[in-house]
2 protein chains.
Amino acid sequence: MRLSQFHLRTTKETPADAEIASHRLMLRAGLVRKLAAGIYTWSPLGLRVLRKVEAIVREEMDAAGAIELLMPSVQPRELWEETGRWEKFGGQLLKLQDRKESWYCVGPTHEEVMTDLARHELASYRQLPVTFYQIQTKFRDEIRPRFGVMRAREFLMKDAYSFHLDDAGLDAEYRNMHATYSRIFTRLGLRFRAVQADSGAIGGDASQEFHVLADSGEDAIAFSTGSDYAANVEAARAAEPGPRPAPAEAMRSVATPTQKTCAEVAALLGVPLARTVKSIAAMSGDGFVLALVRGDHEVNEIKLAKVEGMADYRLASEAEIATNLGCEPGFLGPVGTRAPVRVIADREVAAMADFVVGANRPGEHLTGVNWSRDLPEPDAIADIRNVVEGDRAEDGGELRIVRGIEVGHVFQLGRRYAEAMRCTVLDENGREAVPAMGCYGIGVSRVVAAAIEQNHDDAGIVWPEPMAPWRVAVCVINPKQNPAVVEAAEALYRELQAAGVETVLDDRGLRPGPMFADMELIGIPHRVVVSERGLSTGTFEYRARSAAAAENLDRSALFALLGAGR
Amino acid sequence: MRLSQFHLRTTKETPADAEIASHRLMLRAGLVRKLAAGIYTWSPLGLRVLRKVEAIVREEMDAAGAIELLMPSVQPRELWEETGRWEKFGGQLLKLQDRKESWYCVGPTHEEVMTDLARHELASYRQLPVTFYQIQTKFRDEIRPRFGVMRAREFLMKDAYSFHLDDAGLDAEYRNMHATYSRIFTRLGLRFRAVQADSGAIGGDASQEFHVLADSGEDAIAFSTGSDYAANVEAARAAEPGPRPAPAEAMRSVATPTQKTCAEVAALLGVPLARTVKSIAAMSGDGFVLALVRGDHEVNEIKLAKVEGMADYRLASEAEIATNLGCEPGFLGPVGTRAPVRVIADREVAAMADFVVGANRPGEHLTGVNWSRDLPEPDAIADIRNVVEGDRAEDGGELRIVRGIEVGHVFQLGRRYAEAMRCTVLDENGREAVPAMGCYGIGVSRVVAAAIEQNHDDAGIVWPEPMAPWRVAVCVINPKQNPAVVEAAEALYRELQAAGVETVLDDRGLRPGPMFADMELIGIPHRVVVSERGLSTGTFEYRARSAAAAENLDRSALFALLGAGR
């Protein structure tokens, strides 16, 4: 492509409402332009990137045996009534009426349309297993669209749906899709993790999210150095703690007149924060509860709610605390409490000796506290905390915490949609069977933004090569003054193209500074400068986008480096 | 592709509501499935065809210098208010409100979004001319969606928009797009005509439609054998008639007691219908009018309305006819009328001698009527009729009339959108200039249906090769009984694929009858049968979809025929 024949429009302005790097850079590089809140036009440059992602997704889905089709965007209400989601989906569902006053929605997802198609198209077990997919524009009416295409209302998605006679078939395809997604994100050149979306402790179908790792990611992810285990921080589990040490100290009271937090108490006493215990007062259906976690840990509300009797717990009020412990917050502790007060200890707390807790008296804490000796064993011991960086993982490795952006999701739907919509096939024995379903999504347009979050610097985007709008930029210095330079650049451009290297020729006649700035902003991986000086020495100035400096290469070295050798 | 790994679902049932061949065949071949009125899912098979069309359109648009982008589907009301089309577009505009109760529409076209983009992205004449295009899903809320994807509500369209500093630039791009469309439809293998959409007699910007020719087409098209002139029948013009012959007969009255139509009178008198003249009574702003066309011609209302004074004409009532001519309909004529009755003669009528007209007396006609001698020359002479098959064309050729399906449209919008939306660029002199615009559409999904209307037989679809889901079908006879046949078929399949011939292997194990019927129904251009008998003679049974019979070919002849030689 000759840039003079293309529409490139970069800007130095940083839009005021762009909060994150990808949003700023996508606007500055002119990849997208906002039409309305959460609704964007993809410019010619942006579309080139979007199509790169789309093509890799399509190739890998095809290679995995999935079959592409194309479902409509506008969907009739009746189907959504069958699954109960017309109401349940909530405000993200963009509803509308046509001229006959029939209700439709602009599809935010396609489980209903797909299951409707399946109940018409699939009749026999011989047609199973089968996986259909599409790459299609969707709409979700987000309350607060933001971050550009990262959380847009209209977006491009690859969604896939599989049908199986039995759960083993679903499992197999789930693993196939998991492997396919790993190949897709690997081919895109992204650092990513497949993450357990839920701890799965209470039944539920398998579900994993694929996250592109980036410091700006909305989700915190814990992963193990010992295996490919990864989970949302809220769902992650650390290893069981080691055995409880024997008591070494006597319990004694210390004055903590103004020290209410574990950190303040630890500082006052000169002990590690990990020796203190935090007491959280809560009310459950069974009454007053003290939940204990180490001073350097945080309670995980989801995990705590999974402890027996805690499903609907809430934090206790100061009045309830006063009634049950006779004390104000800041000095609470388990020592001396009696039924009906229930003590739930995190696994780590139950394995502690000689720890520090509040004394249930204002301005006073207890040190050297030990289970059994100074207070009864906890009423319940459970994993009720968030993991932290450095925790030991269940696989023996160490947990690390990174931030990620969800770009994909694989999910075992089971039979809920097929049952609700009466989708059946005849099995080997001629009996009607409800197929098990899986669904598998990739946010195609979001991948573009996530890639930028992960790969950028002060000068702009640093595309992974497979996503770059072009691999190579050939920049012409002073074209108007130097016909020989233009000729050499044109020749190089044609030769690179002929060698299969996707190249853009910057023949716009800009001065070198703005031209290089543009190529850096839009993130072209390889830049080759054709200048009078280079011609005189038989070299080209080459610089990789990610490199600190340029180097001069002769033609054969340049072509070898760009993989266009011979 | 192995069909056993694909999802093909054909049916013998002819859906009751499918009125035209393409609709029936698309459902029977399983190319699409209806989700709601005018809303269709494209099956894996259908999508393959749709993508073929899309790819050719994209290649040719790119080659023509147009630049692809992707605009949103959901569009804010404000833009449509600027052009006044929020109201004017009418019921086809699918309006909706988001959760904040702001109004949007699901885009039926993109002039507003494009012009909005242009006013932000285009600043200087140096960026012009430029043509943007997209291939995108649109929605028009048709009153009566029908004919399957031919007149669907949700459909896939290629729409392009060009911007120019001056009209000459617009003209040049209009011609470029016209040529591009001709290449696209030629490459698709379709018989088509570029048709003048309007006579253009009263100003107006240039506009042409591209029609795929098919007997079932909704539009009648006149084209000339003498050039590439073609126009909608309503807009088509024939050549000027020759000079008026000298009178040869005396005018006389004949009794036509029950003969009211020209055909009845001609039959009674034994004269050609072309010797009779039809008198149409109308009321215009200036009063009563008799419009005259030859008995074998039809008045063209659009042309008649363009005659001076006739802009708002309507047909006269029987009372008005009685008042002005003293006669009932069926026996009307221009002889003996006086001002204020105005006589407008079609050019052909003005060139007639010795013609037959009503006598303005019940049960009576006049023969041998001649201008000047028997009645004054007409008050106005104009082209006020529809052309008919066999008319002489203005280029000296002969007019033929065929039926067509509109699949494309090129249009000079001029400056109406840019002016309404205050889109300007700076010209060479630094002054603000409103750019001229063109727009250019192709109904991508409609092309698929139109191709079938043009290319089908009793057995099913007969795809033009460039649109076929696969070029070649390799059919395996009795695979379960014949491992050698399966092996040979697999080898042939792999070799054809390796030679770049897009091939499908029908390895489903169907009996030959249903297997061949499927391949004919879905319209695969070339069928190769691998059977035990063929193996024993070293031949393959080959049949072109359009051929009457099969033939036996050896491998090299087969590969040569399929263009996979060597």
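Labels below follow one simple rule: chain letters A, B, ... track the order of the sequence lines, proteins then strands, and each chain is numbered from 1.
Taking the side-chain contact (heavy atoms from CB on, under 4.5 Å) definition, one finds that B:Val425 meets it with B:Leu122, B:Leu128, B:Leu165, sequence neighbours left out.
Comparing B:Leu69, B:Leu96, B:Val130, B:Leu93 by how many heavy-atom pairs each has under 4.5 Å with chain A, the most go to B:Leu69.
Heavy atoms closer than 4.5 Å to chain A are found in the side chain of B:Leu79, but not in its backbone. With a 4.5 angstrom heavy-atom cutoff, B:Val32 does not touch chain A via any of its atoms. Neither the backbone nor the side chain of A:Leu156 comes within less than 4.5 Å of any heavy atom in chain B. At a 4.5 Å heavy-atom cutoff, the contact between A:Leu47 and chain B is made by side-chain atoms alone.
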Chain B/chain A interface donor-acceptor pairs under 3.5 Å:
{"from": "B:His7", "atom 1": "NE2", "to": "A:Glu121", "atom 2": "OE1", "distance (Å)": "2.6"}
{"from": "B:Arg9", "atom 1": "NE", "to": "A:Glu121", "atom 2": "O", "distance (Å)": "3.3"}
{"from": "B:Arg33", "atom 1": "NE", "to": "A:Glu121", "atom 2": "OE2", "distance (Å)": "2.9"}
{"from": "B:Trp42", "atom 1": "N", "to": "A:Leu70", "atom 2": "O", "distance (Å)": "2.8"}
{"from": "B:Trp42", "atom 1": "O", "to": "A:Leu70", "atom 2": "N", "distance (Å)": "2.9"}
{"from": "B:Arg51", "atom 1": "NH2", "to": "A:Glu68", "atom 2": "OE2", "distance (Å)": "3.1"}
{"from": "B:Glu68", "atom 1": "OE2", "to": "A:Arg51", "atom 2": "NH2", "distance (Å)": "3.1"}
{"from": "B:Leu70", "atom 1": "N", "to": "A:Trp42", "atom 2": "O", "distance (Å)": "2.9"}
{"from": "B:Leu70", "atom 1": "O", "to": "A:Trp42", "atom 2": "N", "distance (Å)": "2.8"}
{"from": "B:Ser73", "atom 1": "N", "to": "A:Glu154", "atom 2": "OE1", "distance (Å)": "3.3"}
{"from": "B:Ser73", "atom 1": "N", "to": "A:Glu154", "atom 2": "OE2", "distance (Å)": "2.6"}
{"from": "B:Val74", "atom 1": "N", "to": "A:Glu154", "atom 2": "OE1", "distance (Å)": "2.9"}
{"from": "B:Gly91", "atom 1": "O", "to": "A:Arg99", "atom 2": "NH1", "distance (Å)": "3.4"}
{"from": "B:Asp98", "atom 1": "OD2", "to": "A:Arg153", "atom 2": "NH1", "distance (Å)": "2.9"}
{"from": "B:Arg99", "atom 1": "N", "to": "A:Asp141", "atom 2": "OD2", "distance (Å)": "2.7"}
{"from": "B:Arg99", "atom 1": "NH1", "to": "A:Gly91", "atom 2": "O", "distance (Å)": "3.4"}
{"from": "B:Arg99", "atom 1": "NH1", "to": "A:Asp141", "atom 2": "O", "distance (Å)": "2.5"}
{"from": "B:Tyr104", "atom 1": "OH", "to": "A:Arg153", "atom 2": "NH2", "distance (Å)": "2.8"}
{"from": "B:Glu121", "atom 1": "O", "to": "A:Arg9", "atom 2": "NE", "distance (Å)": "3.3"}
{"from": "B:Glu121", "atom 1": "OE1", "to": "A:His7", "atom 2": "NE2", "distance (Å)": "2.6"}
{"from": "B:Glu121", "atom 1": "OE2", "to": "A:Arg33", "atom 2": "NE", "distance (Å)": "2.9"}
{"from": "B:Asp141", "atom 1": "O", "to": "A:Arg99", "atom 2": "NH1", "distance (Å)": "2.5"}
{"from": "B:Asp141", "atom 1": "OD2", "to": "A:Arg99", "atom 2": "N", "distance (Å)": "2.7"}
{"from": "B:Arg153", "atom 1": "NH1", "to": "A:Asp98", "atom 2": "OD2", "distance (Å)": "2.9"}
{"from": "B:Arg153", "atom 1": "NH2", "to": "A:Tyr104", "atom 2": "OH", "distance (Å)": "2.8"}
{"from": "B:Glu154", "atom 1": "OE1", "to": "A:Ser73", "atom 2": "N", "distance (Å)": "3.2"}
{"from": "B:Glu154", "atom 1": "OE1", "to": "A:Val74", "atom 2": "N", "distance (Å)": "2.9"}
{"from": "B:Glu154", "atom 1": "OE2", "to": "A:Ser73", "atom 2": "N", "distance (Å)": "2.6"}

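With a 4.5 Å cut-off on side-chain heavy atoms, B:Val74 and A:Leu35 do not count as touching.
Note that the CD1 atom of A:Ile67 and the CG atom of B:Leu45 stand 11.0 Å from one another [nearest 0.5 Å].
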